[in-house]
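These values consider heavy atoms only, across backbone and side chains, with no hydrogens, waters or symmetry-generated copies.
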Amino acid sequence: MNTWLNPERPLSIAHRGASAYAAPNSLQAFEFAAALGADMIEVDLHLTRDGHVVVTHDAILSGGEAIADLTLVELHNRVSPRDVPTLASVLDLAQVHDLGIYADIKAANAANPTCELLQQYGVQRAILGAFDPAIISVLEQANPGYPRAQLVPMGVDPFEIAATAEIIHLCWEAMEDPVAPLNDAFFARCQREGKQVVLWHEEDKERMARLRVLPVLGICSDMPELVNPFEPPSDWPVQIVCHRGANSVAPENTLAAARACYAAGFSHVEIDVHATSDGELVVLHDPTLERTTDGVGRVNDAALADLRALSAGAWFSDHHAAEKVPTLDDVLALAKLWHGKLYVELKTAPAAQVWERVCAFGLQEVCFFWSFDHSLLEDMRGVSDKAHLMMRRQDFASLEETLGSLDPSLVEFTTQDDLSGVAHLKGSGVCSMIAYNGNNPEVFRQIAQLRPDLVNLHQPFEFVRVIQAGDSVNGA
């Protein structure tokens, strides 16, 4: 029995992989989908002239050649195997990461070879879909044991076109309000006719919030983390801080990395703030430009206009080449849009100027501040007695001394510190945070046992997988 077809919450189906963060249908997009917690990956399938099923959306290459007219070797002489992989290589990846396969079969001659490959690999969780009803008929005759999904464009009766398919896949993302037709009457008819529903690729956070509570089998998204964002355990309302954003799938300290963090349901983005030569505030970690941009020199010596001309993402991947160095205002606006919080590290940014911008966005209560330069924290406290400051336990001889410095709202511990202080702070009005930049599952479990108020992580997605998979949160 296919119990996976009756999920407690919608399946997260990564549309052409996590295509918000990598080239669609590329192996990197599928790897990122796994990292972001997708349940299935949607793959677009064509057949080469010599009978290989390949994963790409369009039938024609950018140079005008048809995939159906090329052998696999000829195809991969023109495009990288990572950008147009074989279905077999994607299935290898899916087995490693326990991903289901949503096969969007674009060419009729790819239908039977796709079924054969899925069966050869022993794939249990797969859906076979197509826009063309004739392909659905081919799949029905092949009877591979996987449910069939009829992709339904706008303006077509979904029940009529999907008469022989088990799943109605609504491709209504361009509709002004595609949620409105998904009413009780629609789902009642689905139940009567034995149909399940998969929804279009959705990236709007407000619309996704309306979709994820519907009785649907799955939701596609370029941002698979958005489908089922993290919710803290009911008995441990932990807040997760993403170190420089979700830096495993997007370049650190960019809007893309911050957006991925908030989309995944994490509470805070940690950012680093510098001042430019013309007195603007920008978000970048290093004092120099070389590591994370295509510029050279010191951040403080560059004007904002010069920094805006740089790429802050090309070093990470071609997909992110258009990412710019964000201003502090850019990040504050994004945090406000997503109802997110910020950990602001002052690198060379004047405290008074940073506080003024935070206040301008009304985010004083959801930001906390820290700096290696203690004088900047003293400046911040001088600017406002309401600013939330963090102190690191490692910088003081005792917890009492830590708490006595500038009236902190938060104390950060590392895994090398005396962690008995975490329990000591409970109920004190001062929050505890454990910072850990590694990805050791045992350390994650130890952190969960301590139940700090916040965790500051370089690998937040791995942390969530560990605490959700085990009993560590429950103290077992």
Side-chain angles (χ1 to χ4, degrees), residues 36-37 205 223 225-226 229-233 236-273 281 283-285 326 328-347 349 354-355 357-359 361-372 377 380 386-393 408-414 422 425 430-439 444 447-448 450-464 467:
L36 292 169
K205 70 183 184 70
M223 303 168 66
E225 73 279 14
L226 184 60
F230 171 71
E231 294 183 5
W236 181 34
V238 63
Q239 299 182 70
I240 294 180
V241 183
C242 296
H243 185 233
R244 306 180 199 173
N247 62 73
S248 62
V249 297
E252 64 177 60
N253 272 314
T254 62
L255 294 182
R259 190 179 298 110
C261 167
Y262 292 139
F266 302 137
S267 58
H268 292 70
V269 173
E270 186 265 349
I271 59 173
D272 306 281
V273 185
L281 300 177
V283 175
L284 195 93
H285 181 269
L328 176 60
D329 275 16
D330 291 336
V331 178
L332 290 169
L334 185 73
K336 193 174 184 72
L337 175 68
W338 284 84
H339 308 292
K341 303 179 182 182
L342 291 170
Y343 164 3
V344 181
E345 181 176 336
L346 306 176
K347 292 291 191 181
V354 171
W355 181 249
R357 297 318 302 154
V358 168
C359 292
F361 283 85
L363 297 178
Q364 305 94 303
E365 287 302 313
V366 296
C367 293
F368 67 86
F369 306 90
W370 183 74
S371 179
F372 278 105
L377 293 178
M380 184 64 79
K386 298 187 184 304
H388 296 298
L389 303 186
M390 184 197 85
M391 293 295 152
R392 300 194 309 174
R393 174 64 184 84
S409 300
L410 180 68
V411 173
E412 180 188 83
F413 301 82
T414 71
V422 173
L425 290 177
V430 177
C431 292
S432 62
M433 179 170 74
I434 296 179
Y436 176 57
N437 283 344
N439 63 354
F444 287 152
I447 291 172
L450 292 165
R451 299 194 178 196
D453 299 299
L454 299 91
V455 289
N456 180 13
L457 303 168
H458 204 66
Q459 299 289 342
F461 298 101
E462 292 295 330
F463 175 78
V464 167
I467 68 169

Just by distance, with hydrogens left out, do Lys386 and Gln364 show a side-chain donor and acceptor under 3.5 Å apart? no
Hey, mind stepping through Val331 and Val283 against side chain to side chain contact (heavy atoms under 4.5 Å, CB included) and telling me if it holds? CA-CA 8 Å; Val331 178; Val283 175; 3.8 Å; yes
I'd like to know whether the aromatic ring centres of Phe463 and Phe230 sit less than 6.0 Å apart in this structure. no
Step-by-step side chain to side chain contact (heavy atoms under 4.5 Å, CB included) determination, Asn253 to Asp272: CA-CA 7 Å; Asn253 272 314; Asp272 306 281; 3.0 Å; yes
Between Val238 and Pro233, what is the shortest heavy-atom contact and its length? CG1-CD, 4.4 Å
Where Pro251 and Ala257 come nearest, the two heavy atoms and their spacing: O-CB, 3.3 Å
Should Ile434 and Thr414 count as side-chain neighbours, where that means a heavy-atom distance under 4.5 Å? no
Here the pair of heavy atoms bringing Val354 nearest to Phe369 is CG1-CE2, 3.8 Å
Separation of Arg259 CZ from Leu337 CG (nearest 0.5 Å): 8.5 Å
Closest approach of Met380 to Ala387 (non-hydrogen atoms, all atoms of both residues): CG-CB, 3.8 Å
Between Tyr262 (side chain only) and Lys341 (backbone N and O only), is there a donor and an acceptor less than 3.5 Å apart? yes
When rounded to the nearest 0.5 angstrom, what distance separates OH in Tyr343 from CD1 in Ile271? 11.0 Å
For a 4.5 angstrom cut-off between non-hydrogen side-chain atoms, does Leu454 reach Phe368? yes
Partners passing salt bridge (Lys or Arg N to Asp or Glu O under 4.0 Å) against Glu252 (at least two apart in sequence or in another chain): Arg244, Arg291
In the structure I gave you, are the side-chain heavy atoms of Ile447 and Pro452 within less than 4.5 Å of one another anywhere? yes
Could you tell me which residues satisfy salt bridge (Lys or Arg N to Asp or Glu O under 4.0 Å) with Asp453, sequence neighbours excluded, listed by chain and number? none
NE2 of His388 to SG of Cys431: how many Å apart, nearest 0.5 Å? 9.0 Å
Show the numbers, then the answer: is there a side chain to side chain contact (heavy atoms under 4.5 Å, CB included) between Asn456 and Glu412? CA-CA 9 Å; Asn456 180 13; Glu412 180 188 83; 3.5 Å; yes
Should Leu332 and Arg357 count as side-chain neighbours, where that means a heavy-atom distance under 4.5 Å? yes
Pairwise distance CZ(Phe461) to CD(Glu225) - rounded to 0.5 angstrom: 5.5 Å
Please examine the side chains of Leu346 and Trp370, heavy atoms only from C-beta on, and report whether any two atoms are closer than 4.5 Å. no
Supply the atom-to-atom distance His339 NE2 to Ser267 OG, rounded to the nearest 0.5 angstrom. 14.5 Å
Report the residues that fulfil ring-ring contact (aromatic ring centres under 6.0 Å, His included) with Phe413, sequence neighbours left out, ordered by chain and then residue number. none
List for me each residue that meets ring-ring contact (aromatic ring centres under 6.0 Å, His included) alongside Phe361, sequence neighbours excluded, and say none if there are none. none
Quick one: does Lys205's side chain have a donor or acceptor within less than 3.5 Å of a partner on Leu226's backbone? no
Where Cys261 and Val269 come nearest, the two heavy atoms and their spacing: SG-CG2, 3.5 Å
Non-neighbouring partners of Ser371 that pass side chain to side chain donor-acceptor pair (under 3.5 Å), sequence neighbours left out: none
If I compare all heavy atoms of Pro460 with all of Ile240, which pair ends up nearest, and what's the gap? CB-CG2, 3.9 Å
Report the residues that fulfil ring-ring contact (aromatic ring centres under 6.0 Å, His included) with His458, sequence neighbours left out, ordered by chain and then residue number. His243
Do Arg393 and Val411 come close enough that some side-chain heavy atom pair is under 4.5 Å? yes
Is it the case that the side chains of Glu345 and His285 hold a donor-acceptor pair, with the cut-off being a distance below 3.5 Å and no angle test? no
A side-chain contact here means heavy atoms from C-beta on lying under 4.5 Å apart; do Leu342 and His268 qualify? no
Distance in Å, Leu281 CG paired with Asp329 CG, rounded so as to fall on 0.5 Å steps: 8.0 Å
Side-chain heavy atoms of Met391 within contact of Leu377, under 4.5 Å: yes
